[in-house]
Amino acid sequence: MRKSKDIGSRIAFAGVGAAISIVFIVLGYFFSYVSLSCTVLTSVGILLPLSKGYYKEAVLAAVVAGVVGFFIVNIKIIPYAMASGAYVVLTIFLQLKFSDKTWKILLTYILKLGYSSLVFWICYSLISVIVVDVKKITFLQTFSPVALYLIFNVVFCLAFLLYDFLLLKGYEFVKERIKNIGRR
């Protein structure tokens, strides 16, 4: 009896987490002026099972939110797929696994910077999410296209690291709030 209750609790956390993520995916789609905020908030749903240490269920929640979100918002699921979802699970796992050694933390941040550069490249070249009219911002006209790419990439990487920091703080917050919910 105990085992089935534990599995039920794990699946419930995954289901509620996926539902929270799907709500923010849909809100970001229908209210485009808050889409970036909603993309960030989709990670809250994935943090729910992670806060109890349910890694498989967090991956399940991320996949379910991605698949259901794809059927609702179609190609606009890409920001969720890149910035939330599996990235959240991997970040929390790496943070908990490698928080004891300085060189492992450094390696983790190098991987995160590499990932953010990949995400920026995808956004910049493939889906044209990043649109800056250089003619309207006069000081940007002096830079070459390569220099502009590098500047925007650095700014994006810094914003991504801020997102990562807030993600870890959000994990601690959610973990503290729901530690008494369900059984571990």
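Keep in mind that this is a model prediction, so the values were computed, not measured.
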| Going from CZ on Phe156 to OG on Ser117, what distance comes out if it is rounded to the nearest 0.5 angstrom? | 9.0 Å
| said: If hydrophobic clusters are built from ILVMFWY residues whose side chains come within less than 4.5 Å, do Phe165 and Val40 share one? | reply: no
| Is Phe71 linked to Phe24 within one hydrophobic cluster, defined over Ile, Leu, Val, Met, Phe, Trp and Tyr using a side-chain heavy-atom separation of less than 4.5 Å? | yes
| query | CG of Leu161 to CG of Leu166: how many Å apart, nearest 0.5 Å? | reply | 11.0 Å
| Selection residues 106-116 - residue pairs positive for salt bridge (charged side-chain N to carboxylate O under 4.0 Å, His left out), sequence neighbours left out | Lys112-Asp164
| request: Give a yes or no on whether the backbone of Thr39 and the side-chain of Ser84 come within a donor-acceptor separation of less than 3.5 Å. | output: yes
| field | Test side chain to side chain contact (heavy atoms under 4.5 Å, CB included) applied to Ile25 and Leu41, Val68, Ile20, Ile77, the passing residue | value | Ile77
| Would a distance-only check, ignoring hydrogens and angles, find a side-chain to backbone donor-acceptor pair under 3.5 Å from Tyr54 to Leu48? | no
| query | Step by step, would you call Ile46 with Ser21 a side chain to side chain contact (heavy atoms under 4.5 Å, CB included)? | reply | CA-CA 7 Å; Ile46 309 306; Ser21 292; 3.7 Å; yes
| message | Working to the nearest 0.5 angstrom, can you tell me the gap between Cys38 SG and Phe30 CZ? | response | 12.0 Å
| Gap separating the CG atom of Leu50 from the CZ atom of Phe93, nearest 0.5 angstrom | 11.0 Å
| query | Is the shortest distance from a Lys or Arg side-chain nitrogen in Glu172 or Lys169 to a carboxylate oxygen in the other one below 4.0 Å? | reply | yes
| request: Verify the cluster assignment for Leu118 and Val154: are they in a single hydrophobic cluster under the rule of side-chain heavy atoms below 4.5 Å apart? | output: no
| In terms of hydrophobic clustering (I, L, V, M, F, W, Y; side-chain heavy atoms under 4.5 Å; direct or indirect links), are Val155 and Leu148 co-clustered? | no
| Sidechain-backbone polar pair: Ser9 side chain, Asp6 backbone, donor-acceptor under 3.5 Å | no
| field | Donor-acceptor pair, side chain of Tyr80 and main chain of Phe70, under 3.5 angstrom | value | no
| Student check: side-chain heavy atoms of Leu60 and Ile11 closer than 4.5 Å | yes
| Do Val119 and Tyr115 come within less than 4.5 Å of each other through their side chains, counting heavy atoms only? | yes
| task | Begin with the C-alpha distance, continue with both residues' side-chain angles, and end with the deciding distance and a verdict on side chain to side chain contact (heavy atoms under 4.5 Å, CB included) for Leu162 and Leu158. | result | CA-CA 6 Å; Leu162 176 64; Leu158 292 174; over 6 Å; no
| field | Shortest non-hydrogen separation from Cys157 to Leu113 and the atoms involved | value | CB-CD2, 3.9 Å
| said: Do Phe13 and Glu57 make a side-chain contact, defined as non-hydrogen atoms from C-beta onward lying under 4.5 Å apart? | reply: no
| field | Candidate pair Leu47 and Ile92, rule side chain to side chain contact (heavy atoms under 4.5 Å, CB included), full reasoning | value | CA-CA 9 Å; Leu47 290 176; Ile92 300 303; 4.1 Å; yes
| note | Shortest non-hydrogen pair, Val64 vs Ala18, comes out as CG1-CB, 3.9 Å
| field | Exercise: identify the closest heavy-atom pair between Pro49 and Ala61 | value | CG-CB, 4.4 Å
| Is there a side-chain contact between Ser43 and Tyr163 (heavy atoms, below 4.5 Å)? | yes
| remark: Closest non-hydrogen contact found for Ala58 with Val89 is CB-CG2, 3.8 Å
| task | May I ask you to check whether over 12 heavy atoms, not counting those of Tyr109, lie within 6.0 Å of atom OH? | result | yes
| task | Begin with the C-alpha distance, continue with both residues' side-chain angles, and end with the deciding distance and a verdict on side chain to side chain contact (heavy atoms under 4.5 Å, CB included) for Thr108 and Thr91. | result | CA-CA 9 Å; Thr108 301; Thr91 296; over 6 Å; no
